[in-house]
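If you read the sequence from its start, that first residue is 1, and numbering goes on from there.
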Amino acid sequence: MWTNQSENIIETIRMIQEENLDIRTITMGISLLDCADSDIDRSCEKIYNKITTKAKDLVAVAKEIEGEYGIPIINQRITVTPISMLVSVSGGNPVKYAKTLDAAAKAVGASFIGGYSALCQKGMTPGDKALIESIPEALATTDIVCSSVNIGSTKAGINMDAVRMMGEVVVQTAELTKDNQCFGAAKLVVFCNAVEDNPFMAGGFHGVSEPDVVINTGVSGPGVVKEAVRSAGPHATMNEIAEIIKKTAFKVTRMGQLVGAEAARRLNVPFGIVDLSLAPTPAIGDSVARILEEIGIETCGGPGTTAALAMLNDAVKKGGVMASSSVGGLSGAFIPVSEDEGMIAAAESGVLTIEKLEAMTAVCSVGLDMIIIPGDTTAETISAIIADEAAIGMINTKTTACRLIPAIGRAAGEKLVFGGLLGEGPVMPVGKGSAEVMIHRGGRIPSPMNALKN
């Protein structure tokens with residue numbers, strides 16, 4: 001018994017020290033529904049007070065747990081109720097809410113705050129429309145506010161009016177932050193089938209069916225999985241590799257469950273979910289692309305990549321659900337190009353293309369994430385890419401998303417550098433051909449037959 005415990009402790013220490021294992025985020029979700037007011041200034045005052053009260057100990061508790069358990073906790077984040085709901089009550093300039101969120105999150109020391117969001121998969125309220133139109137200014141005038149808009153779902157179809165607007169918003173946001181590496185667009189996600197308990201940014205928001213306050217955790221461990229696959233050697237069968245990944249994901253999830261439950265206990269709020277997502281960083285040894293290459297793909301993006309990613313994603317989920325009854329969020333393998341050292345290298349070599357990434361999103365956790373595109377890409381083309389990605393999510397009953405960053409003034413082959421977890425990446429070429437007529441038709445792509453599962 002003691003030997004087994006000792007081996008587990010030693011293994012965990014090695015994974016932390018040598019394989020970049022960490023808790024990527026402890027995220028506190030806070031409902032702002034009780035902050036709604038017909039006076040926007042009173043609403044903002046209530047929001048500031050609630051966030052700074054509920055989250056005042058978030059960072060301190062994370063640091064305590066990190067020190068006591070020796071487990072790195074990289075980010076402490078906050079998600080809130082989609083702000084468009086409050087705009088619908090108060091009216092006024094939604095940017096006031098963005099600035100309030102920014103100030104409150106900074107006051108408690110949070111890394112990011114998400115929820116400057118609208119859910120308009122079937123239509124738009126005046127609050128939704130006002131918030132969407134305000135996103136470029138909101139993200140250009142704040143530092144740590146993140147925004148997301150859900151434009152489609154399996155049940156509702158795809159709101160093509162919202163899709164058209166979001167193409168324009170992405171371009172405008174990049175334009176307003178072009179002197180800062182177009183950073184605003186890196187804080188903006190367009191979803192299909194968005195989930196209510198996502199602890200990761202930039203797409204996190206606090207769903208209306210969630211508790212008043214909740215703690216969710218996001219774990220990561222690409223380096224751990226890569227090392228486990230490497231240790232199996234080149235002669236292990238694919239089902240043996242899947243089993244190894246599943247067992248590794250089990251161990252990582254147990255750590256996330258422990259930290260999340262302990263944080264919730266100390267903060268005296270409910271524990272929500274563990275999001276078991278293999279979220280990479282630009283650091284060497286912390287790459288999802290390198291896992292796929294260890295499985296046997298010469299370069300990520302080459303033939304076999306989608307199959308390897310499908311197996312990886314499925315094995316991660318299977319291991320996670322065995323380790324915790326509270327697995328949620330997105331849970332799987334993220335493929336954000338600028339945040340993954342191996343993806344960056346594959347994109348720079350020309351092997352990994354946007355078209356191949358789109359195919360990969362059919363089997364991974366999210367979608368076209370942190371992809372830098374030429375600055376002269378039209379709003380209609382961006383809307384068309386968003387629509388393509390949403391269609392994959394709608395038909396396959398899964399979450400898909402786009403976080404596209406037009407590099408204003410730059411062409412394919414050049415680079416944007418964000419620093420930190422957001423990394424850097426090459427400007428990737430976008431396919432030719434216009435979808436302008438389709439995008440300007442508006443209306444809604446109807447929900448598919450598999451929406452009628454009741």
Side-chain angles (χ1 to χ4, degrees), residues 14-25 72 74-75 111 181-183 185-186 200-202 218-231 245 248-249 252 276-302 304-306 308-309 312-313 316 330 332-354 356-358 360-361 363-373 403-405 407 410 412-429:
R14 190 194 72 249
M15 290 191 295
I16 290 169
Q17 292 182 342
E18 299 177 11
E19 298 165 14
N20 299 305
L21 178 62
D22 59 51
I23 300 294
R24 186 55 48 84
T25 181
I74 308 302
N75 293 287
S111 312
Q181 300 289 295
C182 306
F183 183 63
F200 285 100
M201 297 297 161
V219 299
S220 184
V224 177
V225 174
K226 175 182 175 293
E227 180 58 25
V229 174
R230 188 199 65 78
S231 298
I245 294 170
T248 305
V252 173
L276 177 65
S277 289
L278 296 180
T281 72
I284 302 295
D286 204 22
S287 163
V288 170
R290 299 305 185 194
I291 299 174
L292 303 178
E293 291 168 0
E294 196 66 57
I295 289 171
I297 307 302
E298 183 178 13
T299 303
C300 180
T305 298
T306 305
L309 181 59
L312 170 65
N313 207 58
V316 165
L330 298 168
F334 286 176
I335 51 172
V337 176
S338 80
E339 298 176 22
D340 186 305
E341 168 269 324
M343 296 270 176
I344 295 168
E348 288 177 335
S349 72
V351 175
L352 184 63
T353 65
I354 290 179
K356 182 61 176 180
L357 281 163
E358 183 181 300
M360 293 164 66
T361 63
V363 299
C364 77
S365 266
V366 194
L368 295 172
D369 195 11
M370 288 302 290
I371 294 176
I372 304 165
I373 59 178
R403 188 160 40 151
L404 305 173
I405 303 139
R410 292 176 171 85
E414 297 185 67
K415 181 181 288 190
L416 284 183
V417 179
F418 306 110
L421 287 177
L422 296 180
E424 63 183 58
V427 180
M428 301 180 69

So, taking the atom named [atom1] in [X] and the one named [atom2] in [Y], what distance separates them when rounded to the nearest 0.5 Å?
X	Y	atom1	atom2	result
Met360	Leu309	CE	CG	5.0 Å
Ile405	Leu416	CD1	CG	7.5 Å
Thr248	Lys226	OG1	NZ	13.0 Å
Met428	Ile354	CE	CD1	5.0 Å
Thr306	Leu357	OG1	CG	9.5 Å
Cys364	Phe334	SG	CZ	9.0 Å

For a quick test of reading the model, state the closest non-hydrogen atom pair linking [X] to [Y] and the distance between them.
X	Y	answer
Ala346	Thr299	CB-CG2, 3.9 Å
Leu368	Glu358	CD2-N, 3.7 Å
Phe418	Gln181	CE2-O, 3.3 Å
Val427	Arg410	CG2-CB, 4.3 Å
Ile335	Gly367	CG1-O, 3.9 Å
Val316	Ala249	O-CB, 3.6 Å

So, the side chain of [X] versus the backbone of [Y]: is there a donor-acceptor pair under 3.5 Å, distance only?
X	Y	answer
Asn313	Val363	yes
Thr353	Lys356	yes
Asp340	Val288	yes

- Item | Trace of the side-chain contact (heavy atoms from CB on, under 4.5 Å) decision for Met343 with Cys300 | CA-CA 7 Å; Met343 296 270 176; Cys300 180; 3.9 Å; yes
[X] bridged to [Y] by N-O distance under 4.0 Å:
X	Y	value
Arg230	Glu294	no
Glu348	Lys415	yes
Glu227	Arg290	no

- Query: Which is it for Val225 and Leu278 under the side-chain contact (heavy atoms from CB on, under 4.5 Å) test, yes or no, and what are the steps along the way?
  - Reply: CA-CA 9 Å; Val225 174; Leu278 296 180; 4.0 Å; yes
Are [X] and [Y] close enough that some pair of their side-chain heavy atoms sits under 4.5 Å apart?
X	Y	value
Ile295	Val229	yes
Ile74	Thr25	no
Ile373	Ile371	yes

- Under the side-chain contact (heavy atoms from CB on, under 4.5 Å) rule, what do Glu424 and Ile372 come out as? Steps first, then yes or no, please. CA-CA 9 Å; Glu424 63 183 58; Ile372 304 165; over 6 Å; no
- Query: So Val219 and Arg24, side-chain contact (heavy atoms from CB on, under 4.5 Å) or not? Walk me through it.
  - Reply: CA-CA 5 Å; Val219 299; Arg24 186 55 48 84; over 6 Å; no
